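Keep in mind that what you see is a predicted model, and the values were worked out from it rather than measured. A note on names: the letters A, B, ... follow the listed sequences, proteins ahead of strands, and every chain is numbered from 1. What you see below is based on every heavy atom in this structure, not just the backbone, and it leaves out hydrogens, waters and symmetry mates.
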Amino acid sequence: MAEEFEPRIVAFLCKWCSSAGSDLAGVSRMEYPPNVIPIQVMCSGSVSPLYILSAFKKGADGVLVSGCHPGDCHYIKGNFYARRRIALVKGQLEFIGLEPERFQMSWVSAAEGKKYTEIIKDFVNTLKPLGPQTKLRRNP
Amino acid sequence: MEKILQKKSFPKWVEKLDAYEIYSPVKKDNTWSYEIINTPGDIELDYPNAVQAPKKIINPQREVVLEFGRSDDDSLEVTEVLPEEKSVVIFGVRPCDAKALTLTDLVFSGDIKDNYYGKRRKQTAIIGLACNTPPSPNCFCTSVDGSPHSEDGFDILLTDLGDRYFVKSLTNKGNNLINLGKGLFVAPKANEKKEIAKIHADAEKKLKRQVNDAEKIPPKLKEMFESPFWDEESMSCLRCGICTYLCPTCHCFDISDEVTSVAPFKGYRIRTWDNCQFPDFTMHSSGHNPRPDKASRLRQRIMHKYQYFVECYDHYQCTGCGRCVSKCPVGIDIIEVLNKVRDYG
Amino acid sequence: MKKKTGVFVCHCGINIAGTVDVKKVTKDLAKHPGVEHSEDYIYMCSDPGQNLIIDSIKEKGLDKVVVACCSPTLHEMTFRNAAKSAGINEFQCEIANIREQCSWVHKDMDKATDKATRITRSAVERVQGNESLEPISIPVTRRALVIGGGIAGIQAALDMANTGYEVVLVERSPSIGGHMIQLSETFPTLDCSQCILTPKMVEVSKHPKIKLLTYSEVQDVSGYVGNFKVKILKKPTYVDPEKCTLCDECVRVCPVVTSNEFDLGLTGRRAIYIPFPQAIPATYTLDIKNCPGLLPIACGKCADVCDPEAIDYDMKPEIIEEDVGAIVIATGFDLYEKENLSEYGYGKYPDVLDGLQFERLCSASGPTQGKILRPSDHKEPKEVVFIQCAGSRDPELHCAYCSKICCMYTAKHAMLYKHHVHDGQAYIFYIDIRSGGKGYEEFVQRAVEEDGVIYLRGKVAKIFEEKGKVKVWGVDTLSGKDIEIDADMVVLATAMRPSDGAEDLAKKLKIALDKDGFLAEAHPKLKPVESVTAGIFLAGAAQAPKDIPEVVAQASGAAAKAIAILSQERLFHSPNVAKVNLNLCTGCGMCVDVCPYEAVSLKDGKAEVNEVLCEGCGTCQATCLRAAIEVKNLTPAQVHEMITASLGG
Amino acid sequence: MVKLEDLKKEATQILKSGKVKYIIGYAKGAAGFMPIPAFISDPEDAENLTWNPACVHNLTKFIVDEKKRLKKEKKPDNRPIGIIVKGCDSRAINVLLQEKYIDRDDVYLLGVSCEKTGVVDEKKLAKTLKGQRVVQIDFEDNGNFLVTTESGSEKIPAEDVLAERCIECKANFPVVFDIVFGEKIKRQVDKPFQSVETIEALSQKDRWKFWKEQLDKCIRCYACRSVCPMCYCDECVVDTISFAVEPDTSAEEKAQKIKWIEKSPNLSENIVYHLTRAMHLAGRCIDCGECERVCPLDIPIRFLNKKMEKDAKNFFDYEVGFDPDQPSLVSSFKDEDPEDFIR
């Protein structure tokens with residue numbers, strides 16, 4: 001049997017909530033698939049559309065942007081700007097025909113280690129049947 | 001070698017060329033473009049000129065020239081990548097675009113040989129179609145030493161005679177291609193040769209636009225480097241790259257390295273077209289840009305084509321295809337510009 | 001310039017090495033572009049581990065360091081200090097989190113190792129783009145501002161003043177004291193509220209380090225931690241406290257009677273008045289809203305009778321500017337509006353009172369000199385119904401939150417009532433009793449056992465007046481029986497809400513409010529007295545409903561936090577702040593719009609970052625259309641390389 | 001109807017009085033029927049101005065140019081520039097004002113109303129005329145165009161040859177102007193996003209097929225970028241080199257220009273370029289459609305921007321270019337912004 005496809009996910013995690021939430025998952029030893037490479041950013045509001053496009057171009061099968069819940073942003077309102085921006089990026093990506101499942105956003109608080117693991121588990125499970133992301137991937 | 005080929009026999013001839021990769025103008029949505037075709041029926045010769053000249057096949061916009069990477073023992077490995085060996089035929093090339101290749105030959109296959117261009121040029125046969133009617137309202141080939149039936153750059157030139165083609169082979173490559181279709185070609189009759197002469201003469205008359213006394217332009221340009229003319233003419237220029245990317249004679253390129261992976265470190269060096277209308281074309285790493293504005297860049301385009309190139313190679317670097325005129329978003333009209341230059345001062 | 005990066009991979013015993021092939025990560029990273037040295041060790045954070053890093057930096061001339069270990073929240077400082085002690089800039093050290101985000105959450109060794117390698121590569125790429133930075137240093141104005149002169153503000157001001165720092169205490173009403181001064185006795189000890197508060201009020205007024213500004217409001221706050229500039233509007237009282245002898249002549253001649261806010265409308269006062277006898281500052285205030293006019297021609301009686309000529313109709317509002325280094329907000333609470341509780345007849349029937357009114361009725365200094373008489377006919381009420389959670393814990397109609405102190409003060413009210421009216425009966429409707437606190441549960445038990453207070457678990461359905469009684473219909477959910485009480489008086493334990501103007505003030509101070517309008521703390525657990533803005537602290541019921549001991553504790557906490565700032569000559573701020581590339585900036589101002597801290601402004605058509613205000617969130621970076629603003633050491637260029645390293649290979 | 005004579009009169013007058021430095025308008029080109037942008041500073045040349053359905057260009061781009069030129073001049077002539085703006089173009093002015101790129105005093109706006117029609121789509125026109133060469137095209141009453149070809153004149157219903165953007169136009173009358181020509185006629189646009197919706201209605205697979213084919217064609221001539229009045233950054237994400245070089249910029253910094261997009265005109269790079277462009281124009285694109293018109297390869301670029309416009313309207317109730325004082329789309333938010341896509 002051929003080896004199962006293992007999607008590669010890039011996760012932009014805000015430092016204060018989502019990265020801390022993922023740390024909590026670690027401290028609590030909650031197991032989840034190793035398909036995700038976290039990139040800690042200061043705030044979900046700092047995630048530029050170029051980060052997302054770039055990750056897909058460089059071969060990500062899925063991209064996650066995760067920040068603090070509305071109202072909990074360490075920087076008061078960065079996640080609200082992120083919410084708006086990401087909605088637009090998501091719309092564009094779907095418009096050109098990328099599978100919508102490949103780009104996700106979530107709110108994960110520092111206390112939601114479990115939620116983080118669930119998001120990653122579900123993400124990996126959704127991506128597996130889709131196979132590798134080739135549409136935006138750079139082709140040498 | 002001069003022959004006659006019945007139009008109905010044309011697909012049969014193409015079938016004989018199965019060892020070749022064949023390009024022909026193809027209509028995509030509303031535009032014509034040179035594409036690889038799979039069946040002879042896909043070849044359409046009744047077409048206005050393609051948006052992009054066949055230059056894109058011989059001198060592709062992007063070409064990998066070498067691959068590099070770090071090996072296990074940490075040394076850098078570099079591998080040259082040369083164009084694939086194959087035989088190519090391009091059908092339907094217009095005289096202006098074929099002539100453009102001869103001009104590019106001067107640059108890439110002159111004193112310094114460019115392997116990539118040279119190899120492709122050598123393995124490609126150009127089969128042209130003389131223009132009975134100008135394919136574009138802005139054709140002005142006759143003003144720049146060309147004509148609708150110019151044979152420059154062709155291996156074979158076809159002229160449409162209604163139900164048949166007049167076929168003229170100009171090179172051994174061309175002869176070989178005709179020989180592959182042995183039995184399909186017949187020798188032309190004397191009246192057919194006469195007909196050809198008339199068609200060609202008529203075609204020239206149909207050209208609407210021209211630059212008279214073009215020979216006056218290069219010396220005039222030489223004096224105009226500092227002229228405010230360029231500021232005026234470039235007012236509406238957008239600094240886009242349409243004129244040069246679509247030009248069959250423009251050949252400037254850029255070399256860059258694209259890293260595909262940091263670990264293990266690997267990537268490739270590519271050559272891409274570059275564009276003198278882009279602000280980064282002459283940008284120095286010092287921060288100085290000798291052509292900082294669109295006026296200097298428009299000047300460069302005109303000077304290069306009608307003065308520097310003439311000085312170096314004794315040819316205009318323009319074949320009058322009219323693409324830059326037709327496609328300029330703001331109607332900058334090189335014919336007008338040249339006429340103004342000629343009459344300037 | 002060739003980079004010389006050192007990579008140090010920690011085993012963390014078996015915490016990392018148990019799942020991640022540390023040797024392989026170390027070996028693979030050794031080949032990463034720019035990596036000069038790569039090494040693993042069992043406990044990188046131990047002394048020998050740190051020394052290993054320090055020695056390698058020195059011996060191999062490393063200029064950048066990545067430590068692959070636990071979360072940066074744990075040991076980033078440790079390793080940055082180590083890097084610093086080896087002579088390189090602390091910001092040339094980055095952490096790759098391969099424990100919490102890798103080894104602890106995965107089982108497959110190969111995959112975890114691959115992931116750890118990618119995380120570490122990404123950190124290497126990041127550190128290679130780092131610039132050396134020095135913390136931003138700011139001088140501190142070593143004075144504090146306290147907003148609100150209730151018990152919270154008083155406590156905070158005294159704590160800071162007693163430590164030796166100057167304090168400006170701003171109170172918007174004519175006297176300090178807040179709501180606590182209105183109370184009769186306090187639970188669970190039943191000691192007299194005024195008796196314990198007035199000494200503190202006097203201490204404030206006499207304190208050489210406290211500048212008391214009553215009848216004043218904060219108008220504008222600018223600046224940042226250590227350097228706030230505050231504009232305070234001092235409203236005219238038209239009475240010079242220096243001259244006033246408190247003879248009370250003016251009050252006697254004043255023709256105007258208006259509702260007395262100190263007694264919550266249970267009594268009246270004149271237009272010129274002293275809020276209460278122990279008011280600090282001890283002086284009169286002419287309430288311009290109710291005074292017939294400042295021109296002697298309109299009335300002028302008070303000025304006429306004032307022998308010391310303390311009354312000055314020409315007094316003008318004054319803007320006072322103060323520089324402070326820290327701010328404590330203690331704006332307290334107000335009661336939930338009457339209009340919102342009409343279902344209890346509150347505001348409609350004179351004998352339906354709120355808790356504070358009842359406090360005044362019980363108070364010896366109150367309208368009835370401590371006798372409990374009902375407002376409508378001044379008779380002693382024989383049956384009194386107390387209703388808890390009036391407006392609280394009712395997400396559909398009122399406030400979702402618990403006002404926290406009502407269970408206790410209702411027990412106190414019932415008890416005090418019984419102490420005044422021995423033959424009376426007190427009923428308390430409650431949802432449940434929350435008596436967490438030292439001696440609190442015992443206090444409630446005492447109310448039930450010693451004073452025979454009847455607790456009825458249930459809600460009141462209807463209250464209406466009939467034949468001089470306030471009829472209360474309710475349900476006892478424990479017995480399931482309908483209850484009808486012909487009460488003489490009803491006391492509502494009205495919900496607490498943030499005081500009027502708190503929202504406005506929060507805007508001026510650029511601090512956040514929570515969903516209920518209380519001032520939001522920076523972290524619900526770990527930063528309960530800090531606001532989200534550095535240098536601004538919260539005390540008292542402005543932040544959430546709380547009782548007096550809690551208020552005092554929080555006030556002291558806030559004071560301590562403020563002192564931590566004031567005690568320093570200079571403050572240091574993270575240098576990971578935004579910087580503008582002036583060549584690219586077109587001055588569209590979008591960064592100015594999005595900055596949560598107002599750290600970006602436009603100057604000469606270009607963006608300018610106030611590094612002290614900037615917290616480095618990077619929202620401007622993602623918003624800027626020109627890529628003209630970026631956060632130092634987490635620039636888009638760095639993120640680009642991090643993405644490449646995470647995915648590449 | 002816009003009276004060209006009135007327009008010329010006003011132009012002559014403001015040039016004569018020195019009220020404006022020059023006027024950016026439309027004039028007849030050297031060949032063909034398409035007008036060209038004209039820069040008129042001599043009052044006598046105002047006679048060359050023209051106004052017809054082929055005045056497709058969004059001239060506000062040249063205000064951006066002027067602004068950049070002025071920055072370099074030592075003694076800049078800061079008089080306003082007269083500029084002819086259609087409804088869509090005037091929205092671009094509003095965005096430039098909103099982004100503080102220009103001041104209202106920098107321009108003197110000569111508005112022209114598109115009334116019931118708009119501008120012509122050259123390709124549609126060629127198709128309708130089946131190869132006949134157009135000499136002149138003019139507005140006619142009742143939503144018709146009068147087309148003069150080499151073989152005579154004919155009336156054509158404008159809707160047959162109207163540019164797509166005009167069919168979905170929300171501003172057939174200038175939203176900001178100093179003087180306006182032509183009438184304000186209310187025009188109902190029933191389906192302002194129909195073009196996008198046809199793409200959205202495709203299956204995800206077909207959408208990808210469509211865009212793959214289209215974006216594969218891109219030769220990265222950047223005409224779409226260059227023609228856009230909102231693309232006024234001094235340095236673009238696709239530039240290969242940093243322009244912001246100072247005397248103390250190190251070689252390393254110069255080399256640090258992020259390669260978000262490689263120079264290779266490959267599909268992946270083309271997609272990132274076009275999506276970045278669209279994102280960059282989120283809440284800024286006023287749908288003048290110039291990007292699509294100028295594309296030599298006929299890539300339907302406008303769809304990408306239109307999709308953005310649609311989402312901005314539907315999700316955030318945001319409309320571009322009508323109010324220069326509103327905060328821009330991505331530098332503002334509302335508490336009730338949708339978040340059903342967020343887990």
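- At distances below 3.5 Å, at least one donor-acceptor pair connects side-chain atoms of C/Asp514 with backbone N or O atoms of C/Gly517.
- In summary, C/Glu641 and C/Arg121 do not engage in a salt bridge, as defined by a charged side-chain N under 4.0 Å from a carboxylate O.
- Heavy-atom distances place both the backbone and the side chain of A/Tyr32 under 4.5 Å from chain C.
- Note: A/Ala60 leads A/Ala60, A/Ala25, A/Gly78, A/Cys73 in heavy-atom pairs under 4.5 Å with chain C.
- The contact between A/Glu6 and chain C is made entirely by side chain atoms (from C-beta outward), counting heavy-atom distances below 4.5 Å.
- Chosen from A/Tyr75, A/Phe80, A/Trp16, the residue pairing most often with chain C at heavy-atom distances under 4.5 Å is A/Tyr75.
- Residue A/Lys114 places its NZ atom among 12 or fewer non-hydrogen atoms of other residues, nucleotides or ligands, all under 6.0 Å distant.
- Taking the six-membered ring where the residue is Trp, the centroids of C/His573 and C/Tyr224 are separated by 6.0 Å or more.
- Residue C/Asp108: no heavy atom, backbone or side chain, is found under 4.5 Å from chain A.
- The part of C/Cys595 that comes within reach of chain A is its backbone (N, CA, C, O), which places non-hydrogen atoms under 4.5 angstrom from that chain.
- Judged by distance alone, with hydrogens and angles left aside, the side-chain atoms of C/Ser531 form a donor-acceptor pair with the main-chain N or O of C/Thr533 at under 3.5 Å.
- Heavy atoms of A/Phe12 lying under 4.5 Å from chain C belong exclusively to its side chain.
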| Candidate pair C/Asn130 and C/Glu94, rule side chain to side chain contact (heavy atoms under 4.5 Å, CB included), full reasoning | CA-CA 9 Å; C/Asn130 272 7; C/Glu94 289 291 344; 2.9 Å; yes
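- Here the side chain of C/Asp28 pairs no donor or acceptor atom with the backbone of C/Thr117 at under 3.5 angstrom.
- With a 4.5 Å cut-off on non-hydrogen atoms, A/Ser19 touches chain C through its backbone and its side chain both.
- Between chain A and the residues C/Arg99, C/Gln101, C/Met642, the most heavy-atom pairs under 4.5 angstrom are made by C/Gln101.
- Ranking C/Gly618, C/Ser122, C/Pro596, C/Cys617 against chain A, the residue ahead of the rest is C/Cys617, based on heavy-atom pairs under 4.5 Å.
- Both the backbone and the side chain of C/Glu615 come within contact range of chain A, each with at least one heavy atom under 4.5 Å from a heavy atom of that chain.
- Neither the backbone nor the side chain of C/Ser103 comes within less than 4.5 Å of any heavy atom in chain A.
- The greatest number of non-hydrogen atom pairs below 4.5 Å with chain C, out of A/Thr117, A/Val27, A/Leu13, is found for A/Val27.
- Around the NZ atom of C/Lys24, the shell of radius 6.0 Å holds no more than 12 heavy atoms that belong to other residues, nucleotides or ligands.
- The part of C/Asn15 that comes within reach of chain A is its side chain, from C-beta onward, which places non-hydrogen atoms under 4.5 angstrom from that chain.
- A heavy-atom distance below 4.5 Å is not found between the side chains of C/Glu100 and A/Ser22.
- Interface remark: A/Val10 contributes side-chain atoms only to the contact with chain C (heavy atom separation under 4.5 Å).
- Contacts of C/Asp110 with chain A are absent, with no heavy-atom separation under 4.5 Å from either backbone or side chain.
- When each of A/Arg137, A/Lys135, A/Lys128, A/Arg8 is tested with A/Asp61 by the rule salt bridge (Lys or Arg N to Asp or Glu O under 4.0 Å), just one qualifies, namely A/Arg137.
- When every heavy atom of A/Gly113 is checked against every heavy atom of A/Met30, the shortest pair comes out as C-SD, 3.7 Å.
- At a 4.5 Å heavy-atom cutoff, the contact between C/Pro636 and chain A is made by backbone and side-chain atoms alike.
- For the options C/Asn97, C/Val639, C/Thr73, C/Ile119, heavy-atom pairs under 4.5 Å to chain A are most numerous at C/Val639.
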